[in-house]
Amino acid sequence: MIAEWVAEGAGRVVGQVMLSAMVAPVGWVALAPLAVASGQRRQGIGAALVRAALASLRGWRAAVVLGDPKYFGRFGFAPAPGLHGPYPAAFMGLLPLADPAPGLAARLVYAAAFAGV
C-alpha cells in the first residue's frame, strides 16, 4: 500500500479507499479497495475519496481499477481490454498518467496482500 484515505461521519469511518503499487508493470498503481458504508452511499463520499486518491498520483505511470465502468469512467478510467490480471472482471479501467499507450497489453501483478482477495 502506498496510501489510504478514510471518510468519517458521526465519529466513525464511513468510507475508505487505498492505492497499492503494482508489482508489474512497474510504476503502476491499483485503486482498490473502495468501500462506503451502505447507509452512506449515494452522497458523494466514494467520489470524494477517489478524487483525493487520484490527485496524489504524481510520479506514477498509470492507475488501474476493477469496477463499474459508469462509476469509474467519470474519473477518467477507460476500458483496457489488453490488460490481464488474476481477477475476473467485467471492467478493467486504465487511467494513463504518463506514457502508457491506449492499446497497451500487459499482465497485471498485484501486491502479495491481494492474494487472499
Side-chain angles (χ1 to χ4, degrees):
M1 175 183 71
I2 59 168
E4 177 181 25
W5 289 260
V6 296
E8 295 182 29
R12 66 184 187 101
V13 173
V14 296
Q16 178 266 347
V17 68
M18 290 175 64
L19 292 173
S20 299
M22 303 291 296
V23 174
V26 173
W28 287 32
V29 64
L31 178 77
L34 169 65
V36 176
S38 60
Q40 303 293 315
R41 294 182 185 147
R42 301 200 177 273
Q43 296 179 30
I45 295 169
L49 289 167
V50 170
R51 284 188 194 98
L54 295 178
S56 76
L57 290 178
R58 197 176 337 252
W60 292 91
R61 292 179 51 219
V64 294
V65 69
L66 297 176
D68 180 2
K70 289 179 185 174
Y71 186 82
F72 288 103
R74 63 185 164 152
F75 303 107
F77 286 94
L83 299 182
H84 304 283
Y87 309 109
F91 174 77
M92 168 106 31
L94 174 66
L95 177 64
L97 300 167
D99 58 0
L104 179 71
R107 174 157 164 42
L108 301 177
V109 180
Y110 286 76
F114 284 87
V117 177

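Reckoned from all heavy atoms, side chains included, excluding hydrogens, waters and symmetry mates. Quantities reported herein were computed from a predicted structural model and do not represent experimental measurements.
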[X] with [Y], same ILVMFWY side-chain cluster at under 4.5 Å:
| X | Y | value |
| --- | --- | --- |
| Trp28 | Val23 | no |
| Leu66 | Leu108 | yes |
| Leu19 | Val109 | no |
| Tyr87 | Leu83 | yes |
| Val13 | Leu34 | no |

Would you name the heavy atoms of [X] and [Y] that are closest together and state the gap between them?
| X | Y | value |
| --- | --- | --- |
| Ala106 | Pro25 | CB-CG, 4.0 Å |
| Ala111 | Ala21 | CB-O, 4.0 Å |
| Val14 | Glu8 | CG2-C, 4.1 Å |
| Ala30 | Met22 | CB-SD, 3.5 Å |
| Ala53 | Val17 | CB-CG1, 4.2 Å |
| Val29 | Trp60 | CB-CE3, 4.2 Å |

Got a second to check how far His84's NE2 is from Arg107's CZ, nearest 0.5 Å? 10.0 Å

Extract all donor-acceptor atom pairs below 3.5 Å that involve side chains of residues 41-52 and protein atoms in other chains or at least two apart in sequence.
unit_1	atom_1	unit_2	atom_2	d
Arg41	NE	Val36	O	2.9
Arg41	NH2	Val36	O	3.1

How about Phe72 and Leu31: do any of their side-chain heavy atoms sit closer than 4.5 Å? yes

Does some side-chain heavy atom of Tyr110 sit less than 4.5 Å from a side-chain heavy atom of Pro86? yes

